Amino acid sequence: MPANILVVEAEPAIQELIAVNLEHAGHHVIRSNDAEGALGIVRDALPDLLLIDWMLPGMSGVALARQLRQEERTKQIPIILLTARGTETDKIAGLEAGADDYVTKPFSPRELLARIKAVLRRRAPQMTDDPVEIDGLRLEPATHRVYGAKKPLELGPTEFRLLHFLMTHAERVHSRPQLLDQVWGDHVFVEERTVDVHIRRLRKALEPSGHDHLVETVRGSGYRFTASPA
């Protein structure tokens, strides 16, 4: 599934090489030459993943990763550090700063794409094309289809994204603001009750197969997708 990837790289040739390969793989690329520019971009809208070069002018890539991890709004963004520094000490420093992975230069485009896929699968599974199935309910991102008890179900695009996020984060309670950020995007300003409307639509779409009860309301907290309804 295409992801919005922010590439923070000061070397124009390397930045271009990375961007071309990511776009060829179907991702949308946003670019920044330094940490300050990256922070400005992130303030406007959260990307799905950041590729950050260690040796940036001004604030280093490690310092940028550390700052992003300290802020509530950005602490969950997947981060991959890119660097020519390949010692064990450097790798530990990068990971302790909050990076999810560490890719040493020079690297092949195939290796980088594989690392991105692995990090997204681990940290943001809703951004992958991997099918997910729970209790007879199957969602296929690649074909944009949902099956309940092996029969197709009709979902609107927002309900599909909502279900995908809930299924890939099953058993976790998500508040309305969290769902707005993850499903609609944190740069989209809509009322929290919008979530309630789409939850009702989602449950209605799941009724034919009897899976509507898997979308639970947690009083005072939000919503949860569960394979073990009370």
Side-chain angles (χ1 to χ4, degrees), residues 1-6 26-28 30 41-49 71-78 117 119-230:
M1 182 174 289
N4 293 316
I5 300 177
L6 173 55
H27 299 298
H28 176 248
I30 311 112
I41 292 170
V42 170
R43 276 193 291 269
D44 289 336
L46 292 180
D48 299 311
L49 180 142
E71 297 180 9
E72 182 66 28
R73 179 172 169 270
T74 57
K75 68 180 183 180
Q76 298 297 330
I77 301 178
K117 185 175 182 179
V119 168
L120 287 174
R121 182 180 290 116
R122 185 168 70 249
R123 290 292 301 273
Q126 75 277 11
M127 294 307 305
T128 72
D129 281 332
D130 297 339
V132 55
E133 185 167 353
I134 298 175
D135 197 26
L137 182 66
R138 180 179 175 85
L139 184 145
E140 299 180 354
T143 59
H144 212 270
R145 291 174 178 167
V146 177
Y147 298 91
K150 298 184 179 181
K151 295 181 179 179
L153 300 174
E154 295 295 327
L155 274 71
T158 301
E159 287 71 45
F160 184 92
R161 293 196 305 272
L162 182 57
L163 179 62
H164 193 192
F165 179 77
L166 289 172
M167 290 183 72
T168 52
H169 298 80
E171 307 301 341
R172 304 181 199 176
V173 178
H174 301 281
S175 67
R176 290 169 179 82
Q178 287 173 332
L179 289 173
L180 284 173
D181 284 352
Q182 295 294 333
V183 179
W184 279 262
D186 75 319
H187 60 294
V188 177
F189 299 100
V190 294
E191 296 182 4
E192 289 185 12
R193 62 183 179 183
T194 300
V195 175
D196 302 331
V197 172
H198 287 279
I199 287 288
R200 287 197 295 270
R201 291 179 183 175
L202 174 59
R203 285 175 173 152
K204 187 70 174 179
L206 299 179
E207 280 181 1
S209 63
H211 287 95
D212 51 299
H213 66 292
L214 300 184
V215 181
E216 295 184 331
T217 299
V218 181
R219 187 178 298 274
S221 298
Y223 296 101
R224 170 178 57 207
F225 187 94
T226 181
S228 306

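The figures that follow rest on heavy atoms only: side chains count, while hydrogens, waters and symmetry mates do not. Only a predicted model underlies this, so the values are computations on that prediction, with no experimental measurement involved.
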Checklist entry - Taking only residues at least two apart or on different chains, which pairs with a member in residues 133-149 satisfy salt bridge (charged side-chain N to carboxylate O under 4.0 Å, His left out)? => result E133-R138, R138-E140
Next on the checklist: E192: which residues meet the side-chain hydrogen bond (donor to acceptor under 3.5 Å, both in side chains) condition with it, sequence neighbours left out?
Outcome noted: none
Item to check | 4.5 Å side-chain heavy-atom contact, P78 and D48 | outcome: no
Checklist entry - Any idea which heavy atoms bring H27 and I5 closest together, and the distance? => result CG-CD1, 3.8 Å
Item to check | From CG (L180) to CD (E191), nearest 0.5 Å | outcome: 10.0 Å
Next on the checklist: Once salt bridge (charged side-chain N to carboxylate O under 4.0 Å, His left out) is applied, what residue pairs with a partner in residues 146-155 remain, sequence neighbours excluded?
Outcome noted: none
Item to check | Charged N-O contact under 4.0 Å between E71 and R73 | outcome: no
Next on the checklist: Using the side-chain contact (heavy atoms from CB on, under 4.5 Å) criterion, which residues pair with S209? Sequence neighbours excluded.
Outcome noted: L153, H211
Next on the checklist: Can you list everything that forms a side-chain hydrogen bond (donor to acceptor under 3.5 Å, both in side chains) with H144? Sequence neighbours excluded, please.
Outcome noted: none
Next on the checklist: Minimum heavy-atom separation for M167 and I134, please, with both atom names.
Outcome noted: O-CD1, 3.6 Å
Item to check | Contacts of type salt bridge (Lys or Arg N to Asp or Glu O under 4.0 Å), residue R219, not counting sequence neighbours | outcome: none
Checklist entry - If you look at every heavy atom in S221 and V173, which pair is closest and at what distance? => result CB-CG1, 3.7 Å
Checklist outcome for this item: Across all chains, not counting sequence neighbours, the side-chain hydrogen bond (donor to acceptor under 3.5 Å, both in side chains) partners of D196 are R176, Y223
Next on the checklist: Restricting to side-chain contact (heavy atoms from CB on, under 4.5 Å), what partner residues turn up for A149, sequence neighbours left out?
Outcome noted: none
Item to check | Interatomic distance, L120 atom CG to L49 atom CG [nearest 0.5 angstrom] | outcome: 5.0 Å
Next on the checklist: Please enumerate all residues that pass side-chain hydrogen bond (donor to acceptor under 3.5 Å, both in side chains) together with E207, with sequence neighbours excluded.
Outcome noted: none
Checklist entry - Would you say L163 and L137 make side-chain contact, with heavy atoms under 4.5 Å? => result yes
Checklist entry - Can you name the residues that form a ring pair (Phe, Tyr, Trp, His ring centres under 6.0 Å) with H174, not counting sequence neighbours? => result F165, H169
Next on the checklist: Restricting to side-chain contact (heavy atoms from CB on, under 4.5 Å), what partner residues turn up for S175, sequence neighbours left out?
Outcome noted: P177, Q178
